[in-house]
Amino acid sequence: MVSFFSCKLISEEEILVKPFEIGIYFDDSAGKMTVLNSGKHNIPRSASLFIYSLEDVYVKENIQALTKDKKQIACKVNYRYNLNSKAIRKLHVEVGPNFNERLVLPKIRSVIRKLCSAHDFVDIEASEIEKAITSMFKNDVEYSELIKTISFKLKIKLYKN
């Protein structure tokens, strides 16, 4: 019994998932994915652990877009969001730990370019684009299941080389 206990200690490691974090790992031996809430946990040493922050994420991005009248504009984006802790498993499986680069930023770029290309430069109002983008994010069921939009701010000006 003592040797079994010591083998267990060697085969597992204790990790700490901090408050406002959630962990996830896949256990090959058990063939299952496990989500870890905050606290101390023993996980297999062979498992790859991923930690996701549940705190607000701030994205600042500069995006160039073309308007309907072919004017090149510079869009300065300030986006604040956080992850839905109940959907971490789905986010991890479908998108992965680099969700910001694979999901959030492409979504922002795509939506901004689509909306800006529908208007002439003189008709573009940042506040209207902000409202449209926030609405699109909330109405996109798959996106809003994973990501909760907190705020979206946009500044638009004519692009200068």
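Side-chain atoms are counted along with the backbone in the values below, which use heavy atoms only and exclude waters and symmetry mates.
No donor-acceptor contact under 3.5 angstrom links the side chains of Y81 and S151, judged on distance only.
Taken together through direct or relayed side-chain contacts under 4.5 Å among Ile, Leu, Val, Met, Phe, Trp and Tyr, V95 and M33 form part of one hydrophobic cluster. There is a path of hydrophobic side-chain contacts, each under 4.5 Å, that joins V77 to V111. L154 and L158 end up in the same hydrophobic cluster when Ile, Leu, Val, Met, Phe, Trp and Tyr side chains are linked at under 4.5 Å. Linking ILVMFWY side-chain heavy atoms closer than 4.5 Å, directly or via other members, places V93 and V35 in a single hydrophobic cluster. V17 and V57 are not part of a single hydrophobic cluster, where members link through side-chain heavy atoms under 4.5 Å apart.
Residue E94 holds its CD atom at 12.5 Å from CZ of R89, rounded to the nearest 0.5 Å. In this structure, the separation between SG on C75 and CG on N62 is 9.0 Å, given to the nearest 0.5 Å. Rounded to the nearest 0.5 angstrom, L16 CG and S38 OG are separated by 8.5 Å. Here CD of E130 is found 10.0 Å from NZ of K155. Values are rounded to the nearest 0.5 Å. For the atom pair CG of D123 and CG of D69, the computed distance is 8.0 Å after rounding to the nearest 0.5 Å. Once rounded to the nearest 0.5 Å, the distance linking CD1 of I24 with CD1 of I43 reads 12.0 Å.
Pairing each heavy atom of P106 with each of N100, the nearest pair is CD-O, 4.0 Å. Residue C116 comes nearest to I124 through the heavy atom pair O-CD1, 4.0 Å, listed as atom of the first residue, atom of the second, then distance. When every heavy atom of L115 is checked against every heavy atom of A132, the shortest pair comes out as CD1-CB, 3.8 Å. Across every non-hydrogen atom of Y25 and P44, the tightest pair is CE1-CD, 3.6 Å.
Proximity of a side-chain donor or acceptor of R102 to a complementary backbone N or O of P97 within less than 3.5 Å is not detected. Of the possible polar contacts, one joining the S117 side chain to the R113 backbone as a donor-acceptor pair under 3.5 Å is found. A distance-only check finds no donor-acceptor pair linking the side chain of D120 to the backbone of V122 [under 3.5 Å].
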(message) Evaluate F26 against D28 for side chain to side chain contact (heavy atoms under 4.5 Å, CB included), listing each step before the verdict.
(response) CA-CA 6 Å; F26 186 79; D28 287 329; 3.1 Å; yes
(request) For the pair E145 and L91, evaluate side chain to side chain contact (heavy atoms under 4.5 Å, CB included) and give the outcome as yes or no after the intermediate values. (result) CA-CA 9 Å; E145 179 184 3; L91 177 76; over 6 Å; no
(request) Using the salt bridge (Lys or Arg N to Asp or Glu O under 4.0 Å) rule, take D56 and R80 through it: C-alpha gap first, then chi angles, then the decisive distance, then the call. (result) CA-CA 6 Å; D56 292 355; R80 187 169 65 132; 3.0 Å; yes
(request) Under the salt bridge (Lys or Arg N to Asp or Glu O under 4.0 Å) rule, what do R109 and E61 come out as? Steps first, then yes or no, please. (result) CA-CA 9 Å; R109 292 177 190 130; E61 181 83 357; 2.7 Å; yes
(request) Assess whether side chain to side chain contact (heavy atoms under 4.5 Å, CB included) is satisfied between V59 and N78, documenting all intermediate values. (result) CA-CA 6 Å; V59 173; N78 287 307; over 6 Å; no
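Residues I51 and L49 meet the side-chain proximity criterion, which asks for heavy atoms closer than 4.5 Å. Side-chain contact between F137 and Y79: present, with at least one pair of heavy atoms (C-beta onward) separated by less than 4.5 Å. With a 4.5 Å cut-off on side-chain heavy atoms, E21 and L54 do not count as touching. Proximity of I73 to L66: side-chain heavy atoms (C-beta onward) are nowhere separated by under 4.5 Å. The side-chain heavy atoms of L83 and L146, taken from C-beta on, include no pair separated by under 4.5 Å. With contacts defined as side-chain heavy-atom distances shorter than 4.5 Å, the pair T34/H41 does not qualify. Annotation: side chain of I63 is in contact with side chain of I108 (closest heavy-atom distance under 4.5 Å). Side-chain contact check for I88 versus I22: some heavy-atom pair is nearer than 4.5 Å.
Here D140 pairs with K107 in a salt bridge; the nearest charged N to carboxylate O distance falls below 4.0 Å.
Note on ring orientation: taking the six-membered ring where Trp is involved, the planes of H92 and Y52 are perpendicular (angle over 60°, cut-offs 30° and 60°).
Checked against N82 for a side-chain contact (heavy atoms from CB on, under 4.5 Å), the options I150, I147, T149 give a single hit: I150.
Around the NZ atom of K90, the shell of radius 6.0 Å holds more than 12 heavy atoms that belong to other residues, nucleotides or ligands. Summarising the local packing, CZ of F20 is surrounded by 12 or fewer heavy atoms from other residues, nucleotides or ligands at distances under 6.0 Å.
Sorted by first and then second residue, the ring-ring contact (aromatic ring centres under 6.0 Å, His included) pairs involving residues 102-134 (not counting sequence neighbours) form an empty list.
Evaluation of the side-chain hydrogen bond (donor to acceptor under 3.5 Å, both in side chains) rule for N42 yields no partner, not counting sequence neighbours. Scanning for side-chain hydrogen bond (donor to acceptor under 3.5 Å, both in side chains) contacts around Q72 gives Q64, with sequence neighbours left out.
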